[in-house]
Structures are given as structure tokens and as C-alpha cells.
2 protein chains.
Amino acid sequence: MAKTEGNINTWLDQIHNKYKTAVSVDCVIFGYDETGLKVLLIPCDMPPFENKLSLLGDIVHPNETTDQAAHRVLYKRTGLDDIYMEQVQVFSDLNRHPLGRVITVSYYSLIKINGNSFMELKDNHSLQWKNVSEINELAFDHKIIMDTCLERLRKNLREHPIGFKLLPPVFTLQQLQTLYEMVLGVELDKRNFRRKLSHLQILKPTGDSQKDVSHRPAKLYYFDQMEYEERNINGFSFGL
Amino acid sequence: MAKTEGNINTWLDQIHNKYKTAVSVDCVIFGYDETGLKVLLIPCDMPPFENKLSLLGDIVHPNETTDQAAHRVLYKRTGLDDIYMEQVQVFSDLNRHPLGRVITVSYYSLIKINGNSFMELKDNHSLQWKNVSEINELAFDHKIIMDTCLERLRKNLREHPIGFKLLPPVFTLQQLQTLYEMVLGVELDKRNFRRKLSHLQILKPTGDSQKDVSHRPAKLYYFDQMEYEERNINGFSFGL
DNA sequence: TTGACTTAGTGTCAATTAAAAAATAATTTT
DNA sequence: AAAATTATTTTTTAATTGACACTAAGTCAA
């Protein structure tokens, strides 16, 4: 890919020698269950953060984009691909990494905790889900990265139909509302929430209902991605 | 800043040698006048882009963050600091740079074309403002970078009071409306535009009016940043 | 099987906000 | 002083949002 004339390679070598910089990705992997929003973390083994947890990340390889690196990290740890992922922000403070200059690109992704068996399948004994509200500190600047990604997630949740990516393929309206309330930290009016959703026309009933609940079962819905894209909706708002 | 134990430096050296990657910043510097939205460009002297224009950018130095690098680039070229700037996105395609692996962090910034004499002050004979609508191709992947930044600018223009940063400190309501119409590519109703703005209460009249116009002079306003922040408005919307 | 319990699901009205549209006032030029 | 140009204000109407309470459906246990 690079021109291989001597003086040009020299220029690039000069850059590399003079501006020694490593580039990494860090993934804020959000999951959700009825107890709240969670992030997938791993114990850090690098001094001085031996007792801290850290986000999942890695150095960006020479033959991949940062997006590919982020997907690689996610796949290696969870066995999941085809996952929603969004680049958020670069963090490049000079002292953010104890070993030297490491510039990191942060991503967040949304995965369904229930219905995925990756916790068993992969070499993941050290991975753990931690409730967002219980995370007070992390290794490196990962707490700041997580908070930044959480803010971005909240903003996107208000404007785009991504909440479904944290739920099973089929869900009840109550589950969806609870997700919004938990992630955004607000209370929503049940009737207004349903009116807004039915007006958007992006949810389709499956025809089935909940089973094995000791009360009136709720109808099940799924998100119709195709119809959403056809109708060319440029985002929406859940109005706080 | 880095721990200086031998084996640790070895690790970092390995990274540097194995994953040789340069990091740069590219700035999409937006300016505005009555003919439309413009971007500040410079001729590219690197093969195979000798006849193309490119964005302003540079390698990130070892002793600065990417934000600082972007501000440095802007200051060096225009003599301006204290400029609104926003990080947008990382571009890391493998073939984006002909000399090898260069990952770039893109920024956009908003400056006032009129009332700044930087074009005279600095070594800027080769810099040129180019109308956004007339830019069909640029060196490297800079066209894609510009388009991405333009989309981000438009989104922010709808949600935050940043339009003023493209206008002189004092301006008429008509000027402001025209700016919105030109940047967003929409027509706005004059009466509704004014009502919306007056309801936001972020513009203050200077008491003065236009001079040297051959018709009724319009009143001049300025944006009251202090009051905006005090009133703690979390963005607004110009509703398309 | 009936009654108590639990969660699902539904509609109206008031208030606010957004949209559309027309007339008047200020200033310069002729 | 009359005409032309542009600035500014107000009213009416439609759409959206927010507040609010009861009935329906199904389970479980007596």
C-alpha cells in the first residue's frame, strides 16, 4: 500500500521513531437485564491497576481499521459478531497509560445478555458483568471513557431505535419501557409511552403472549427493522 | 511519564516496532459569508494528490493530546486560538494514506471569516476558502472526512447555539436566518424563526442598527453566552 | 368455582407548542 | 412627498404533549 521509494519510507520511519505512539481500542460493552444496565469488565493485570477492573480493549493491528479492531476484541471475548457498535471518542491524555503513549479510540456496543451462551463458550471465566450504577472506579481512564459512552448511549436511545438491541428479539411493552426508564434514569408515563410507540409504528405484535407468568400475560412484540428503514424515519424522540 | 523499567520499555518498543502507526489530526475549518459555507483548504504536495486540495492537518506530537494538536494546526495556519472545535471521528482505512499507516482524528471548527485579518498576518498565501457546495474531490479521504464533519455540524446547529460562531460578534436576525438556511439547506419561515429565537432569550439587542444600507436598517444583536449558560438550557431545536 | 390478586391495557381533556398567514412601521431613494 | 424596500409584530389554527384512573385478563388458592 505504501510507495516503496527509499526517501519516502525514510519519512515514515522518521515519524514512527520520533512520534512513537500506540493506538488501541476500548469497548464499553453494554448489556441489560431486569436489574439494570451492565458493562462487561475484566480484571486488569497491569501495574498500578492490579486490583481494578478494566474495559475490554487491545492494540490496533497493522492490518485492520479501528472499527475492525473493536469488533475483533468483542468477538474474541464473547464469540458474538454482527453486533451494534458505535465509535464514540478518542482519548489521548499524555498520562492515560502508565507504559507510555497510547491513544485509544472508544466504542460502545449493545448486546443481549439473555439468550446468548457466550459466557460458557469462551474462555471467559474472568469476565464479569457489573452494574453501571455500581462502578465507581476502573483501571486507566476507563471510568471516564465509560461515562462518556454512557452519555452517548443515552442520547442515541432518545433519538434512535436502538433500545431493542439490549432486549431479546421478542419483548413486552413493559420490558421496553422499563429499559428506557433504567437506562435514562427517568420515569415514563405508561400510556404516553405506548401512544408514542404506536404512533411510530415500528413495533409489530408477534401474536403470542407471555407464558408462565402468574398474572395476565402481556402481548409480545418485535422491532421491524425493515419497515423502519423503508419508512425513512430520521430518528425520533421520547421527549425526556 | 512512562515507567522506565527495562522490560516494560521493551513491551512498548515491541508495540511500536510491530504496529507501526502514525496518528494525525485533520481539521475541517468552516467559515461563512453571504455566499455560503466554506472550508479552508491548502494545496496538497504529496503524490499522487499533487493537484488536489486537502484539509489542514498534521501528525500528533508526542507531548500533546489530539485536541491540542488540532488547536496547534489551527493556530499555526490562522493565528487564531480560542476557537470552537469538536472532535468528530477517527478514520483508519488501511489505504487512506499513500505512505503507510496513518490513523487520523478529524475535527471541525467554526471561525468568522469577516473581521479576522489572519489571511494577511500569517504565511497563508496558499490557503484558500472554498465553498462547500463546490468541493467535489479532495486529497486522501478528505472529502469523506469533510462530509462527515458537515453532517455533524448540521446536527449540532439544530441542537446547540453554535451558529453565532460563524457570524461577526454582532449581526442581524436576517443574517442569522440566512446562515441557518444555507448551512442546513432548508427554507425557514421568517416569522417563526424570530419567534423561536425570542422565546429562547439568548440574543440581546446591542441598541445599534445597520449602517449604510439603502433600506430600513435592521437591528443588531449579539449572542449572550453567559446568560445561555446560566439558564442551563440543554440545547434547543430549530425544528428542521 | 369463586374470589382475591397481579399486571396488562386503554381514552379524554387541558395545556403547551408549533405552524401558517397579513398588516404595519421605519428608512432610503427618487 | 410618494414609492420602494425591508423589518417587525400579532392572531388564528392545528398538532403535540402531559396529566390522570379505571377496566380487562389471567393466575392462584381457598
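Keep in mind that what you see is a predicted model, and the values were worked out from it rather than measured. Quick note: numbers below take in every heavy atom, side chains included, and nothing from hydrogens, waters or symmetry partners. Within every chain, numbering begins at 1; the chains are lettered A, B, ... in the order of the sequence lines, protein sequences first and strands thereafter.
At whole-Å resolution of the value, CD in B:Glu187 and P in C:dA20 are 12 Å apart. Summarising the geometry, the separation between CZ on A:Phe193 and C1' on D:dT17 is reported as 16 Å, rounded to the nearest angstrom. For the pair B:Leu188 CG and C:dA20 P, the interatomic distance rounds to 11 Å; values are reported in whole Å. Atom NZ in A:Lys196 sits roughly 11 Å away from atom P in D:dA19 (whole-Å rounding). For A:Asp189 and C:dT10, the CG to C1' distance is 12 Å, given to the nearest whole Å. For the pair B:Arg194 CZ and C:dA18 C1', the interatomic distance rounds to 18 Å; values are reported in whole Å. Separating the CG atom of B:Asn192 from the C1' atom of D:dT9 is a distance of 13 Å, rounded to the nearest angstrom. C:dG9 atom C1' lies 13 Å from atom CD of A:Gln210, rounded to whole Å.
Applying the 4.0 Å criterion to OP1 and OP2 of C:dT7, one finds that A:Gln174 has every side-chain N and O outside that range.
With sequence neighbours excluded, the residues that form a side-chain contact (heavy atoms from CB on, under 4.5 Å) with A:Ile42 are A:Ser54, A:Leu56, A:Arg77, A:Ser126, A:Leu127. Applying the side-chain contact (heavy atoms from CB on, under 4.5 Å) criterion to A:Ser209, with sequence neighbours excluded, gives A:Pro217, A:Lys219.
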Nucleotide N/O to protein N/O under 3.5 Å, stretch nucleotides 24-27 of chain D:
from: D:dA24; atom 1: N3; to: A:Arg216; atom 2: NH1; distance (Å): 3.0
from: D:dA25; atom 1: O4'; to: A:Arg216; atom 2: NE; distance (Å): 3.3

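The closest donor-acceptor contact from the side chain of B:Arg96 to the backbone of B:Ile103 lies at 3.5 Å or more, if one exists at all. Using a distance-only test at 3.5 Å, with no hydrogens or angles considered, no donor-acceptor pair links the side chain of A:Asp141 to the main chain of A:Ile144. In this structure, the side chain of B:Gln87 engages the main chain of A:Val90 through a donor-acceptor pair within 3.5 Å. Formation of a donor-acceptor pair under 3.5 Å by the A:Gln68 side chain with backbone atoms of A:Thr65 is found in this model.
Side-chain atoms of B:Arg195 come within donor-acceptor range of the base of C:dA19, with a qualifying N/O pair under 3.5 Å. You'll find a donor-acceptor pair under 3.5 Å spanning the side chain of A:Arg191 and the base of D:dA21, going by distance alone.
At the heavy-atom level, B:Lys190 lies under 4.0 Å from base atoms of the strands shown.
Tested against A:Leu203, the residues A:Tyr222, A:Phe164, A:Tyr228 include a single side chain to side chain contact (heavy atoms under 4.5 Å, CB included) partner, A:Phe164.
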